2 protein chains.
Amino acid sequence: MNRESNILNDEQAVEIFKALSNQIRVNILQMLKEPDNNFSPQAHVIKEKGFDGGVCVSDIRIKAGLSQSTTSQYLSILLQSGLVEMKRIGQWTYYRRNQKTIEQFEKYIGLKI
Amino acid sequence: MNRESNILNDEQAVEIFKALSNQIRVNILQMLKEPDNNFSPQAHVIKEKGFDGGVCVSDIRIKAGLSQSTTSQYLSILLQSGLVEMKRIGQWTYYRRNQKTIEQFEKYIGLKI
DNA sequence: AAAGGATATCGGTAATTTGCGATATCTCTA
DNA sequence: TAGAGATATCGCAAATTACCGATATCCTTT
């Protein structure tokens with residue numbers, strides 16, 4: 001009833017703050033604002049697959065400058081917080097921003113902070 | 001040139017995210033939205049002293065349910081991040097929200113996140 | 001100048017986070 | 001079905017954070 005609803009609760013918001021309390025994770029979220037500018041185009045051949053804007057982990061890893069394992073972990077922290085969503089296609093996992101949560105987060109900041 | 005200017009840089013924003021990555025610190029910031037509803041009135045006899053809305057540490061401590069030392073530390077984390085400002089008046093230190101930073105933070109979220 | 005109240009700082013332990021390499025899992029292809 | 005590539009998970013050491021009690025500092029009052 002809540003990840004669906006309109007305003008985040010404090011617990012969810014704190015989880016988002018934790019996700020964003022690391023510069024590299026913020027960078028990742030920012031990169032994902034403009035996938036076409038920040039990542040090689042091959043990743044986007046999935047437009048037909050219904051996950052437009054998604055970027056695969058290895059591309060993110062290169063830009064972020066992290067090890068593979070840390071990249072994967074950071075992405076799942078972002079996923080847990082709701083800031084991104086993911087879809088596995090073949091052997092790749094694509095991540096992209098979850099604009100719904102990001103909007104809810106903006107509302108939370110405006111109303112509750 | 002920056003704490004004055006209009007938009008936060010990433011470093012300042014991450015410092016704010018860290019400050020807010022703890023539920024109790026979020027609670028404190030929220031309490032300070034309505035000092036008159038959340039704290040005993042004695043604290044506000046400083047209206048003439050030019051720090052309207054400020055609340056003393058011991059009052060915050062009681063509401064937050066923390067030890068004196070932790071309360072003091074948490075408040076200085078919030079202060080460092082810019083989310084609150086403080087003024088020492090006599091033997092008391094009053095803290096209140098720093099609306100300027102909070103607005104800049106809201107803008108940051110809207111533009112950069 | 002001494003005592004007492006308010007707050008800040010210090011020093012510590014437990015818990016959490018950071019980031020890595022190694023390993024496991026999953027999926028495609030030869 | 002064996003191998004290779006992509007990603008997830010495990011186990012770990014170092015760094016940071018969460019809190020606390022004790023102590024120090026700063027004001028005020030006597």
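Given the structure is predicted, the values throughout are model-derived calculations rather than measurements. Quick note on labels: first sequence line is chain A, next is B, and so on, each numbered from 1.
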Exercise. Over how many whole Å does the gap from A/Leu75 atom CG to D/dT7 atom C1' extend?
Worked result: 10 Å

For this session: Find the distance A/Leu79:CG to D/dT9:P and express it as a whole number of Å.
Result: 10 Å

For this session: For A/Asn27 and C/dG19, give me the distance from atom CG to atom P, rounded to whole Å.
Result: 11 Å

Exercise. Between A/Arg25 and C/dT18, does any side-chain N or O lie under 4.0 Å from OP1 or OP2?
Worked result: yes

Exercise. From C/dC20, D/dA8, C/dA8, pick the nucleotide closest to the side chain of B/Met86?
Worked result: C/dA8

For this session: Using a heavy-atom cut-off of under 4.0 Å over every strand shown, decide if A/Ser58 touches base, sugar-phosphate, or nothing.
Result: sugar-phosphate

Problem set entry | Side chain to side chain, B/Asp10 and A/Gln30, heavy atoms closer than 4.5 Å | yes

Exercise. Rounding to a whole Å, what distance do you find between B/Leu66:CG and D/dA18:P?
Worked result: 11 Å

Problem set entry | Under 4.0 angstrom between B/Thr93 side-chain N/O and C/dA8 OP1 or OP2 | yes

Exercise. Do B/Ser69 and D/dG21 share a donor-acceptor pair, side chain to base, under 3.5 Å?
Worked result: yes

For this session: Figure out the CD/P separation between A/Gln80 and C/dT16, and round it to whole Å.
Result: 16 Å

Exercise. Starting at the 5' end of DNA chain C, which residue's closest nucleotide do you reach first, A/Gly90 or A/Tyr74?
Worked result: A/Tyr74

Problem set entry | Spacing between A/Arg88 atom CZ and D/dT7 atom P, to the nearest angstrom | 7 Å

Exercise. OP1, OP2 of C/dA8 versus side-chain N and O of B/Tyr95: anything below 4.0 Å?
Worked result: yes

For this session: Given side chain to side chain contact (heavy atoms under 4.5 Å, CB included), test A/Ile60 with A/Ile28 step by step and report yes or no.
Result: CA-CA 7 Å; A/Ile60 295 171; A/Ile28 292 173; 4.0 Å; yes

Exercise. Would A/Leu29 and A/Arg97 count as a side chain to side chain contact (heavy atoms under 4.5 Å, CB included) if you check the C-alpha gap in whole Å, the side-chain angles of each, and the deciding distance to 0.1 Å?
Worked result: CA-CA 7 Å; A/Leu29 196 63; A/Arg97 292 160 59 90; 3.6 Å; yes

Problem set entry | Comparing A/Lys18 and B/Gln68 on DNA chain C - which has the more 5′ nearest nucleotide | B/Gln68

Exercise. Once you round it to whole Å, what is the distance between C1' of D/dA6 and CZ of A/Phe39?
Worked result: 16 Å

Exercise. Under 4.0 Å between a side-chain N or O of B/Thr70 and OP1 or OP2 of D/dC20?
Worked result: yes

For this session: With the side chain of B/Gln73 defined as its heavy atoms from C-beta on, choose the nearest nucleotide among D/dG11, C/dG11, C/dA8.
Result: C/dG11

For this session: Establish, yes or no, whether a centroid distance under 6.0 Å links the rings of A/Tyr95 and A/Tyr74.
Result: no

For this session: Could you state the atom-to-atom distance from OH of B/Tyr94 to P of D/dC27 in whole Å?
Result: 14 Å

Problem set entry | Residue-phosphate contact under 4.0 Å: B/Asn22 side-chain N/O, D/dA18 OP1/OP2 | yes

For this session: Using the six-membered ring wherever Trp is involved, compare the ring planes of A/Phe17 and A/Phe105 and label them parallel, tilted or perpendicular (cut-offs 30° and 60°).
Result: perpendicular

